[in-house]
Colleague: 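Dumping the structure here so I can ask a few things about it.
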Amino acid sequence: MDTLDLLATRVPNHALPRGFYNDADIFADDLREIWYREWLFAIPACEVPTAGSFVTMQVGDYAVLIVRGADGKIRAFHNSCRHRGSRVCSAAKGNSPKLVCPYHQWTYELDGRLLYARDMGPDFKPSEHGLKSIACEDAGGMVFICLADDPPPFASFLETAQQYLGPQRLQDAKIAFESTIVESGNWKLVLENNRECYHCAGSHPELCRTYPDRPGFTSMDETGAIEPAVAAHWEKCEAAGMPSKFVIAPSQQWRFARIPLLGAGESYTMDGKAAVAAKRLSIAPFANAGSLLFFHFPNSWNHFLADHSVVFRVLPISPTETQVTTKWLVHKDAVEGVDYDLANLTRVWVATNDQDRQVVEENQRGINSPAFVPGPYSELQEDGVIQFVDWYCRTMRERLGGNTAMAAE
Amino acid sequence: MDTLDLLATRVPNHALPRGFYNDADIFADDLREIWYREWLFAIPACEVPTAGSFVTMQVGDYAVLIVRGADGKIRAFHNSCRHRGSRVCSAAKGNSPKLVCPYHQWTYELDGRLLYARDMGPDFKPSEHGLKSIACEDAGGMVFICLADDPPPFASFLETAQQYLGPQRLQDAKIAFESTIVESGNWKLVLENNRECYHCAGSHPELCRTYPDRPGFTSMDETGAIEPAVAAHWEKCEAAGMPSKFVIAPSQQWRFARIPLLGAGESYTMDGKAAVAAKRLSIAPFANAGSLLFFHFPNSWNHFLADHSVVFRVLPISPTETQVTTKWLVHKDAVEGVDYDLANLTRVWVATNDQDRQVVEENQRGINSPAFVPGPYSELQEDGVIQFVDWYCRTMRERLGGNTAMAAE
Amino acid sequence: MDTLDLLATRVPNHALPRGFYNDADIFADDLREIWYREWLFAIPACEVPTAGSFVTMQVGDYAVLIVRGADGKIRAFHNSCRHRGSRVCSAAKGNSPKLVCPYHQWTYELDGRLLYARDMGPDFKPSEHGLKSIACEDAGGMVFICLADDPPPFASFLETAQQYLGPQRLQDAKIAFESTIVESGNWKLVLENNRECYHCAGSHPELCRTYPDRPGFTSMDETGAIEPAVAAHWEKCEAAGMPSKFVIAPSQQWRFARIPLLGAGESYTMDGKAAVAAKRLSIAPFANAGSLLFFHFPNSWNHFLADHSVVFRVLPISPTETQVTTKWLVHKDAVEGVDYDLANLTRVWVATNDQDRQVVEENQRGINSPAFVPGPYSELQEDGVIQFVDWYCRTMRERLGGNTAMAAE
């Protein structure tokens, strides 16, 4: 069945029809229309701290190279030599003064220009054989890329991100720990799972020590009533110079909002105390600044705390496999074993990620059944899921040439 | 090539054309027309002994849940939550007073009714969100399911099964051991291999100690001559209350028949003596009642002995992968290490299964060659294979809308 | 996109368009038009030394059996029993007086005739059920097969091979060591990599101790200037009875040519000394006869040295997986540990193969990117690659029915 035809069968506020979660053709459409056209979170900027620092990543079929230039600017390139196509950098990350292809040593500058290619003859023009560039922006310390030749508008997001993330001081961060897991589930199930806490009480004992799973607490809208505790928290944090109020894109593709943690919680730890006591990453003048929540569809959710930050990146592997990379950021001067205990810092989200993997995988297995009938979302508990799925459907309809009016919604 | 067109090229009494053993489209047809429409052996009823006992299984894309209700009835359901589709039970087997989805704790009664779903709002109707049921019948202690909305007639089989299996007392059984292996071969090769003993002498030294591989011994037909030894055995067993005579469905889809074992053999053991001496599972008043053979296409063959039973279940995984599950049933009061030695009980069929796996896998490898030409079956030795392949061809032709007259046969 | 249409987009002297390296349909075309129609190097004849010696191999979907008959002749058969299709021989190699199918013991003579089949009835004709034969030729000790019913002309090659390989005395060889690796790259990338030494200095420190990577040294053409050192080497070797001069097929599908090794190098060892000092495999009256190079598209390159030989066989597994088998041949009377040290004999090419695997795999990863643009080959350094790719394109165009005029070239 055609993707657009199947989209038309979706019942509002219900899960998507089965094919959206396991069909190879629809997955190809997802790659082409979403993953190869939208801005994607790539890495925290601190991961390429100096000139020549690079990181490689894979987005669907695309091999991507992100590198900081001699001028300090972060750029992205297609990681494919202009000679015979070999990946130029094969390591997950590293540092190199030039970008030298391992196959025949064609040598590129950090800005992508071809500097040297042996024995190519007199007619060869190096200037026509530089690395092909990819759109790349630093959004307050979060590096985004877009594989499209003509990326969607990004200025408004960049401005908001700068404003909200500035006080989180990501430019002073280092990666204390990172984990990459592959969940045997469609990428949309990974996102859907993240966008609700209806499952939290049953799945996440560690997270629920500090994270408030009451829907009214995290599912604020601009006109709706805010819980007094949240409103007071916003006021206190904004007075300290930290933008905190709920802000969402008109397209609902991204959102920033700060929440207080449960009780006097300072951080996502088992006892709720800050994981990094002495050298906070953010400017917060108090430890219990809560968590600045930030999601950006299709591939990122994040938690920026007073003491540290946790950033998440989602990448699709196949119709039923999704990679989730998590990075714990602390102040670059914080010393492991002195300023923070690594197990204490990472325990809650390592456990939560694994629990989420399990529920996503069981969700996928059940959906694979031809007997699956998309059920209703709880409008109270799963409004964030509806928001994501609606964004997905709207975007796919527009891209695939369907009517965008959507009378049914 | 179209499945129906390829079927038309089959030479009678010859193996099927190559595509039937490795083509993805024909495998999809097999699933849709055979596996999703026929009655399939699922589990022995004793595997769900009490209210809340459940077993999960996978039939092609379908996730299936079999559970015994508070009323003692065994039911089957699609194992997919009516909320977002997660499998409700993920364990291979277990016992639970209610069926609680691990994702958001939607809670179902053992009869499938939805009992509880949190925060679904006032318009939500639990009665419309019960687990979807699957046809399920207990055939004398052997549980069969059918995924079709309109299952084929089953009453005649049920009656015969009750009659033949009653004296085997499967309701008093427990599983002493089970094994699941995956054979790298098409499911039809697994069935073909089972339906002849032309290969036994060359492959199965353990089995051939007690199992008679002479074709006239096991390939009885209702009108043909029966070996005197077999006729005498039937008479003796029937006099003891155990139906034994050869009976086959008009469609040849299933058959019951009892055979004596070689010599004074009592059971499938290395020395031919009963594996469970004191507490026989069946009502047989003598140890050497032989084996009541029972097959049911497309997915089961079985041996019911005086002392114990061995049941086999076949499930297709891919065009060239098939799962075979074997369960050894003994009387529930028999104690391992006291009444039977587990290694002695299982040795013959564990070895035989592995030997069959090897020949099936080599068969598949050779058939994968484009040079493969379907060869002639031995009508003396492989009449059971012809019976199975003819049943398959006839069923597929009918389902795919071809002419059922089959002049060539 | 159609293979022929995509071929038409190729820019001369540039890498192939992306689909040729990873598309499943083009890989199917490669199998059908190249691998199932061309002569392929199978094994060195010494691998089946006596009557009943056999070797099995897999070419795409075809299972192949190579066996030496009672008459000393080497034959190839489809390794699929004419009964139900099982592979007749499952071992990688062995020796058997008859070919007995493991399934039902159908028994074939070494020349393929069916000798015995139990219980097949009076109408069964054994003479119609012999193993199906495959074209097979012994080219001076190198066994080639062709799966086509009507193989391409081979006589001219056979004559040249006999002449060049005779002095290498492969009939007196044994296999000292063999390795099989799977490279995660398209088979054409494996060939392209082999056909140039532009990458050698950067990848192969062990090989470069003795192998001259200067293009003028190995990329001789019949009219071009030959380096004096090479010309002198040819003269010296031919005077000793060893054909050495560059000879290439009009189709450029195969080539023989001898080269001197660097310095006083005798063999591919770390110190350049002969690996087998006392019992040379070839007739060379001096140790530094260099290497007789021999390639045959699509699946072999080889090095015949004074003391030993190394033969390479390439087989396609999938669009992005290729098997490479390397065999080190020494004189059959040479004794491991006495006449040669196995680690010393194999070290250079075991290392080189693994290095080539790495560059091929990175090449594949980069080409998989939709951003890949086929770049220009260095005409100085990569003329051998151009030769191979041109042969491939020409052959595919002819086979697929395209215009063979190729104005663009």
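Residue numbering restarts at 1 for every chain, and letters A, B, ... go by the order of the sequence lines.
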Colleague: Just verifying a value: how many Å separate Glu379(B) CD and Phe124(C) CZ, rounded to the nearest 0.5 Å?
Modeller: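 Separation between the atoms: 12.0 Å.
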Colleague: Which of the residues Ala117(C), Pro102(C), Ser90(C) is involved in the greatest number of heavy-atom pairs with chain B at under 4.5 angstrom?
Modeller: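 The option with the most such pairs is Ser90(C).
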Colleague: I need the Arg84(C) CZ to His14(B) NE2 distance, nearest 0.5 Å.
Modeller: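 So the gap between those two atoms works out to 13.0 Å.
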Colleague: Kindly indicate whether the side chain of His104(C), heavy atoms from C-beta on, has any atom under 4.5 Å from the side chain of Gln381(B).
Modeller: no
Colleague: Chain C contacts: which residues in residues 361-376 of chain B have a non-hydrogen atom closer than 4.5 Å to it?
Modeller: Glu362(B), Asn363(B), Arg365(B), Gly366(B), Ile367(B), Asn368(B), Ser369(B), Pro370(B), Ala371(B), Phe372(B), Val373(B), Pro374(B), Gly375(B), Pro376(B)
Colleague: Identify which part of Asn193(B) has an atom lying under 4.5 Å from any heavy atom of chain C, answering side chain, backbone, both or neither.
Modeller: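 Both backbone and side chain.
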Colleague: CZ of Arg118(C) to OG of Ser378(B): how many Å apart, nearest 0.5 Å?
Modeller: 8.5 Å
Colleague: For Tyr198(B) and Met120(C), work out which heavy atoms get closest and say how close.
Modeller: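 Looking at all heavy atoms of both residues, the shortest contact is OH-SD, 3.9 Å.
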Colleague: Less than 4.5 Å to any heavy atom of chain B: does that hold for the side chain of Asp119(C), its backbone, both, or neither?
Modeller: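 Both parts, backbone and side chain.
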Colleague: Can you say whether His83(C) sits under 4.5 Å from chain B via the side chain, the backbone, both, or neither, judging by heavy atoms?
Modeller: both
Colleague: Any chance CG of Asp5(B) has more than 12 other-residue heavy atoms, nucleotides or ligands included, within less than 6.0 Å?
Modeller: yes
Colleague: How long is the gap from OG on Ser86(C) to NE2 on His199(B), to the nearest 0.5 Å?
Modeller: 11.5 Å
Colleague: In chain order, what residues pass the disulfide (SG to SG under 2.5 Å) check against Cys208(B), with sequence neighbours excluded?
Modeller: none
Colleague: For Tyr21(B), is it the side chain, the backbone, both or neither that has a heavy atom under 4.5 Å from a heavy atom of chain C?
Modeller: neither
Colleague: Report, in residue-number order, which members of residues 346-358 of chain B are under 4.5 Å from chain C by heavy-atom distance.
Modeller: none
Colleague: How about residues 125-138 of chain C versus chain B: which residues have heavy atoms under 4.5 Å apart?
Modeller: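 His129(C), Lys132(C), listed by number.
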